[in-house]
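In what follows, a single structure is set out as structure tokens and then discussed.
Throughout, numbering of the chain's residues begins at 1 and tracks the sequence.
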Amino acid sequence: MFWKNIRFVCRHYFRSSRSLFGYMLLGMTASLLVPVFSVYLPRVVVQAVTEGWEFKALVFRVAVLAAGIAVLNSLIVVGNAGYAEKAAAGRIKLGLRLDEMMMRCRYSLTEDPVWKQKTGAAADAVYSDGRTYGIAGIIHTMQDFVINILGIVLFFGILGTLHPMVLGILIFTAVLPNIVANRVAAYEFRQREKVYPSDRQIEYIYNHVTTGKAGKEIRLCKAAGFFLRRMEEAVAERMVWARNAAVRHLGVEGVNALMLVFQNGVSLGWIAWEILEGRISLADFAFYTGAVAQFVQFMNRFMQSFHIMKQCSYDVQMVREALAYMPEEWEEPEEMPEDCRGVEIRFDHVSFSYPGSEEAVLEDISFHVRPGEKISLVGANGAGKTTLVKLLCGFYEPTAGSITIDGIPISEMREGKLYGLISAVFQDMLVLPFSVLDNVAVRGTADVDKVRLCLEKAGLSSRFPNLNQPLVKGVGEGAENLSGGEEQKLLLARALYKESPLLILDEPTAALDPLAESELYKKYHQLTRKKTSFFISHRLASTGFCDRILLLEDGRIKEEGTHRELLEKGGVYAGMFREQSKYYKEGAETTGWMPDRGEGGYEAG
């Protein structure tokens, strides 16, 4: 796994930031020569003193060596600066690949907590700027890793005249602490999933209690103490693992300190013995002492860099696992011709359970929708309305049964074809921090005239005569925020711009008052007459214009028919409508509003 992860990083940088390796070569060459010059300089000075060199000769050689060290250090600075710049650029490009995967992978994955945890960890590994973590850690340490290997080889050759046992001890005392450290790192990586639940709970609580949305309720309920206690419990559970990890790391540091004392004592003692025996000169003593120090430093740094790379390799592995979710093929949604007719839809004995659950969310659902027909999906929370829409969009596959559009099973459709057929407005409204033009067109090159026409139909043209007006205040300069009603009109313009033959509205108006919701649904109805449409709403008065109503209860179609048919039947739908109509009547007394009796409409009560 380690070398595969190294190859992955090298291959990515070779494709995205190839000049990084040129800066790496420059820095490595200079970094290897500086220690050699530094070791040779004291030898020249001692030799000059013991052999009685002329002062000019000594000054000349020292000046040449010092100037060489200065030039090499300058090259190291240049190489490291270029290397760091290209390393950062490569990480950004890798982050874009990760973002692309998150947007193009199967939708079902985005609702999987384990997938969210993995991709979150992968994103941290890519975007973190630390030198001992993630992609940044491995790419910065890689240069040191190669330098240290070459430095070990170089000084091993220089110290080759010493006793082999000395070199063996130096190598052993450098390798042992890092073997222990690598075993600890591998153990912690294998145990990482045990801390995921605590991390998820801490992240969830923090993300929710620190927002203005939750702040109102926290203050009204005086719930700060409650959340702090829950956070403390989760942190305390997390700290048990952290304390155990700290004890393991303390043991690693203890082994490292002991080996350092041993290696210095043996190596320097042996060189001192050699000079006492008259086998080397004082100049050689200075040279070998410096060479031993450099060899030990290269060995220790090699093992440290190997340890860091080993740890970072686990982070790279998480990135590779996340990128493996990238689909092999990706098709942009197909463009539909203008004024395309609605599609025919058939659910045939469809059942569905979410992955990892045995509970059926939908069970034996069958119905047929004619081209251009308007269908209202109603039912209590958890009845399966949104899940049915997800199946229709191809986000999940049925556990049993089949779904066809114009006679073709959606499981056999290309994604580009299927997504091109559907325009949808969901509960979670997506207003982008870009221009009005981009918010309506969303993708590709925008047709300005078409965008203006869609805004006019949606009732927003007078609000935004300038299509380059940025939205979402606080993100872009001069940006504006939209009201709830304006957001709905923007989404209507977006749906009209796409011109898909199938329109899905999954409770996007839940935050609006009944009058505003009814008016907006009426506008959708008027502007999409030829489209096949699904309307989901808790407010039954808003969807009375629909050709047919499907009432879902416990994952099954409990009732089906027109509004009047279901009222005459006197079942669950009639009971829900009577209960809601009380509020409509009260609203009529104060505002004069009643549900529209026009086309497909009715009077509450």
Side-chain angles (χ1 to χ4, degrees), residues 103-113 115 325 327 330-331 333-334 342-371 373-428 430 495 498 500-508 531-538 543 546-560:
M103 290 185 284
R104 292 187 170 180
C105 69
R106 296 195 320 276
Y107 173 82
S108 58
L109 290 171
T110 66
E111 296 186 340
D112 182 355
W115 181 88
Y325 290 109
W330 169 262
E331 295 182 6
E334 291 184 5
V343 293
E344 180 185 36
I345 296 171
R346 188 180 297 276
F347 275 61
D348 187 17
H349 298 289
V350 171
S351 298
F352 177 74
S353 300
Y354 281 100
S357 173
E358 297 181 357
E359 181 181 358
V361 181
L362 296 176
E363 194 166 353
D364 198 27
I365 298 289
S366 295
F367 63 89
H368 171 236
V369 180
R370 297 181 300 276
E373 192 174 8
K374 304 292 187 286
I375 302 295
S376 172
L377 296 176
V378 300
N381 287 333
K385 304 184 297 297
T386 297
T387 299
L388 187 149
V389 166
K390 291 177 182 177
L391 294 179
L392 179 57
C393 292
F395 295 152
Y396 289 91
E397 293 185 3
T399 307
S402 65
I403 304 171
T404 61
I405 297 180
D406 284 341
I408 303 174
I410 62 174
S411 59
E412 298 177 8
M413 285 187 178
R414 304 189 321 274
E415 280 191 348
K417 174 67 174 178
L418 176 61
Y419 293 161
L421 293 172
I422 302 171
S423 288
V425 182
F426 298 105
Q427 298 177 41
D428 300 323
L430 181 63
K498 191 179 179 186
S500 298
L502 173 59
L503 174 66
I504 298 172
L505 300 180
D506 184 7
E507 295 191 87
K531 315 294 185 184
T532 302
S533 303
F534 282 80
F535 296 85
I536 301 176
S537 177
H538 280 91
T543 57
C546 291
D547 301 311
R548 195 151 38 108
I549 296 168
L550 303 180
L551 172 69
L552 273 68
E553 184 176 90
D554 297 329
R556 293 176 176 270
I557 296 179
K558 183 74 173 179
E559 297 177 4
E560 180 179 354

**Request:** Only pairs at least two apart or in different chains count here, so list each salt bridge (charged side-chain N to carboxylate O under 4.0 Å, His left out) that has a residue in residues 350-362.
**Result:** none
**Message:** Under the salt bridge (charged side-chain N to carboxylate O under 4.0 Å, His left out) definition, can you give me all pairs with a residue in residues 375-389, not counting sequence neighbours?
**Reply:** none
**Message:** Suppose we screen for side chain to side chain contact (heavy atoms under 4.5 Å, CB included). Which residues come up paired with E363, at least two apart in sequence or across chains?
**Reply:** S351, A360, R556
**Item:** All side chain to side chain contact (heavy atoms under 4.5 Å, CB included) counterparts of A424, not counting sequence neighbours
**Value:** I422, F426, I504
**Request:** Taking all non-hydrogen atoms of both residues into account, name the closest pair between G342 and P371 and its distance.
**Result:** O-CB, 3.4 Å
**Message:** Tell me the closest heavy-atom pair linking G420 and K498, and the distance in Å.
**Reply:** O-CE, 4.3 Å
Considering only distance and modelled atom types, tabulate donor-acceptor pairs under 3.5 Å from the side chains of residues 392-409, sequence neighbours left out.
unit_1: Y396; atom_1: OH; unit_2: E111; atom_2: OE1; d: 2.5
unit_1: T399; atom_1: OG1; unit_2: S353; atom_2: N; d: 2.9
unit_1: D406; atom_1: OD1; unit_2: E344; atom_2: N; d: 2.9

Qualifying residues under side-chain hydrogen bond (donor to acceptor under 3.5 Å, both in side chains), relative to [X], sequence neighbours excluded:
X    : value
R106 : none
S376 : T543
D364 : H349
S423 : S500

From [X] atom [atom1] to [Y] atom [atom2], the distance as rounded to the nearest 0.5 Å:
X    : Y    : atom1 : atom2 : result
S533 : I375 : OG    : CD1   : 9.5 Å
H368 : E373 : NE2   : CD    : 8.0 Å
L377 : I549 : CG    : CD1   : 10.0 Å

Student check: side-chain heavy atoms of [X] and [Y] closer than 4.5 Å:
X    : Y    : answer
Y354 : D112 : no
L550 : V378 : no
F352 : L391 : yes
K390 : Y107 : yes
F347 : V369 : no
T532 : K374 : no

**Request:** Just jot down the ring-ring contact (aromatic ring centres under 6.0 Å, His included) partners of F535, sequence neighbours excluded, or say none.
**Result:** Y521, F545
**Evaluation steps, side-chain contact (heavy atoms from CB on, under 4.5 Å), between L362 and L552** = CA-CA 9 Å; L362 296 176; L552 273 68; 4.1 Å; yes
**Message:** Test side-chain contact (heavy atoms from CB on, under 4.5 Å) on I557 and I365; report intermediate values, then the result.
**Reply:** CA-CA 7 Å; I557 296 179; I365 298 289; 3.7 Å; yes
**Request:** Check the pair D506, F534 against side-chain contact (heavy atoms from CB on, under 4.5 Å), reporting the backbone distance first and the verdict last.
**Result:** CA-CA 8 Å; D506 184 7; F534 282 80; over 6 Å; no
